[in-house]
Number of protein chains: 2
Amino acid sequence: MSDLLTVAKLAGVSRATAARAFSDPQLLRPDTLEKVLAASAQLGFRPNHIARQLRTQHSTTFGVLLPSLLNPVFSLQLQAMERRARDAGYGLLVATSDYQPEREAAIVEHMLRQRVAGLVLTVADADNSAVLPTLEEAALPFVLAHNVPQQASWPAVCVDNRAAMREATQQLLTLGHRQIAMVAGPMLQSDRARLRYQGYCDALQQAATPPLPVIEMASHTAACFDRLAPLLQGATPLTAVICTNDLLAISLMGDAARAGVAVPQQLSIMGFDGIDIGTRLAPSLASVAQPAGELGHHAIEMLLHPVSRGLRVLPHQLRNGASIAAPAFIATPGNPHETA
Amino acid sequence: MSDLLTVAKLAGVSRATAARAFSDPQLLRPDTLEKVLAASAQLGFRPNHIARQLRTQHSTTFGVLLPSLLNPVFSLQLQAMERRARDAGYGLLVATSDYQPEREAAIVEHMLRQRVAGLVLTVADADNSAVLPTLEEAALPFVLAHNVPQQASWPAVCVDNRAAMREATQQLLTLGHRQIAMVAGPMLQSDRARLRYQGYCDALQQAATPPLPVIEMASHTAACFDRLAPLLQGATPLTAVICTNDLLAISLMGDAARAGVAVPQQLSIMGFDGIDIGTRLAPSLASVAQPAGELGHHAIEMLLHPVSRGLRVLPHQLRNGASIAAPAFIATPGNPHETA
DNA sequence: TTGTACGCGTTATCAT
DNA sequence: ATGATAACGCGTACAA
């Protein structure tokens, strides 16, 4: 690919003049500008952003480190980030870590060597992550997404996971449920998982109901109903579960139907994230909606405007759905919802 | 951030030696290598990939241009591409076009200026795309994903959309359906939409059944049941629909249930893509599964190994599901599947 | 094995 | 308004 010097020669000007045609066109006389543009068009010249970045010491690429793209929450967020970044003239270098710290470290190292202008990242555990101090040492501007740093005060954009899960659990309690379990994917050591379980416990303790241990699934994207089935039997059967993401909840709804367990009559199922598809199902999925697009938008915004960095907590929203109802077989005074 | 010269000084070697410690370590004596590494660690030095790229004229970043990330087919493909690329030491610059040619052009221009080493892209219509000749002129290696160029012979990896849709339609015909409609998102002018409709027509004509016009929805991610409801009435009601992607199908399943239309008894619904979540639903979604991960893997592979470029057609797979069954109210000789 | 010196394509400074 | 030139950080022929 041709360079500025070649363009300059063809246009009969100096390289500096040719350069100005792209970096500061209004500095040139209209006719010389046109000469340069004609020459560059003829040669198929395109400014080399790599050379520009080396010279100006300023990149127009942001890095993005996400755990996965299989959860629509992340892909929606990514799409929003890409739009916002592109509108500001930035591109996005994207990588996924699958929550593995080694991968997180390798990716961050790659981003640093690429000299990205900033990094939006979601790590397993913000308070025990090796990469955040690394980023700070390297003076690379970054914004945590979803993570909620408790100890350190890293810039972050998130929802109040604890309150969100508390409210969701309260909603189930209000419906009359007392045997409510929380279903989670792997990575219980993640900061969000901890906060959500705390929120779950908050609500139950407030209702003087003992919390149950987390039911941990092997996958983030699909639950295993066999883990749940035994708990639906016995003297105190589970009447409601709340999942830490919607994919788990949706797969449970399907499995329950296949197992002959009626949702919501026999088992109420609630999700977390509020992905779009949940609203399309029958029964529709009750969930805690996170503003994933907004979250992405804000993350990029915080990189673009350094002054705006800090902790930004976005509002979540309880989304009702037909996947939850009052428990059957249990007469709630004034609310007789028994089905059998 | 410090540079090689600083490292060299601290290590007591020349800048070239320091450089070799990173570009070609085995050229150095073990003790000098160690000296350099110690110095660079002390300074927090990281090789500048931008400078390296300018010098070597070789990038380790691939560009990726996708229509959207809201369809799991694309996000799964992207995740697979990222893994494969990273294993080879490459990063991914990701952008989405929403099928808009202007956005496609702007993104390609951006990628060219960034001097990416190659580009994986999905365009609206490969045979009428302005960007592909641009890429060829610029001599940027690229691979089309999903697109099926008919006229030109661009490198591409895809499934046989026409055959896939023909087989899916045939399956519905075999079940006894005669009133089968195809439901599509916007962008009917896309190459894949055309091919899939052709496949649909192929199957119907082979069965001496007149094809119906495409039912076009306003969104790629959710169908509008109101467009369908009228066609379920009358003398020749629709008994089956096949959607051009699973999200449309899933939303139709939910809407049908809410409208009191039994799936599959009154209406069989089939999808296309084979996204994972379809298998979790009740009823499970019958679909034509595309190997999205494999497709992404191959696309990167084709960029990494120029000799392997060309047209690569991946196998699709008919996935059965509980969302389709023999039509009710219609006696198929030897197959009396009536429910009423 | 290590050092010297040039150039990758651009922008910024200074001069004209 | 335009031109000459240095510098961004690095890889690599070539020399030692």
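Chain A is the first sequence line, chain B the second, and so forth, proteins listed ahead of strands; every chain is numbered from 1.
- In this structure, the separation between CG on A:D125 and CD on A:Q150 is 9.5 Å, given to the nearest 0.5 Å.
- Using a 3.5 Å distance cut-off with no hydrogens or angles, the side chains of B:N147 and B:D191 do pair a donor with an acceptor.
- Salt bridge annotation for B:R103-A:E82: present, with a cationic side-chain nitrogen under 4.0 angstrom from a carboxylate oxygen.
- If you take NZ of B:K9 and P of C:dG3, they are 14 Å apart, rounded to a whole angstrom.
- In this structure, the ring pair (Phe, Tyr, Trp, His ring centres under 6.0 Å) partners of B:H220, at least two apart in sequence or on a different chain, are B:Y99.
- Counting to the nearest Å, the P atom of C:dG9 and the NE2 atom of B:H58 are 16 Å from each other.
- The shortest side-chain heavy-atom distance between A:T61 and A:H49 does not fall under the 4.5 Å cut-off.
- Here the CD1-CE distance, from B:I300 to B:M302, works out to 11.0 Å after rounding to the nearest 0.5 Å.
- Whole-Å rounding puts the A:H49 NE2 to C:dT11 C1' distance at 13 Å.
- Counting to the nearest Å, the C1' atom of D:dC10 and the CD atom of A:Q53 are 14 Å from each other.
- Atom CZ in B:R115 sits about 8 Å away from atom P in C:dG9, given to the nearest Å.
- A donor-acceptor pair shorter than 3.5 Å can be found between the side chains of B:Q77 and B:H146.
- Considering only side-chain atoms of B:T17, the nucleotide from C:dT10, D:dG3, C:dG3 that sits closest is C:dG3.
- Relative orientation of the A:W154 and A:F142 rings is tilted, given thresholds of 30° and 60° on the angle between their planes.
- In this entry the distance linking CZ of A:R113 with P of D:dG9 reads 16 Å, nearest Å.
- One can place CD1 of A:I50 at 12 Å from C1' of C:dT10, the figure rounded to the nearest angstrom.
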N/O to N/O distances under 3.5 Å, protein versus nucleotides 5-8 of chain D:
{"from": "D:dA7", "atom 1": "N3", "to": "A:R55", "atom 2": "NH1", "distance (Å)": "3.0"}
{"from": "D:dC8", "atom 1": "O3'", "to": "A:Q57", "atom 2": "NE2", "distance (Å)": "3.0"}
{"from": "D:dC8", "atom 1": "O2", "to": "A:R55", "atom 2": "N", "distance (Å)": "3.4"}

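- Counting to the nearest Å, the P atom of C:dT4 and the CZ atom of B:R20 are 11 Å from each other.
- Contacts with DNA chain D (heavy atom under 4.0 Å) in residues 23-46 of chain A: A:L27, A:L28, A:R29, A:T32, listed by number.
- With B:N161 contributing its side chain and B:V159 its backbone, the two residues share a donor-acceptor pair below 3.5 Å.
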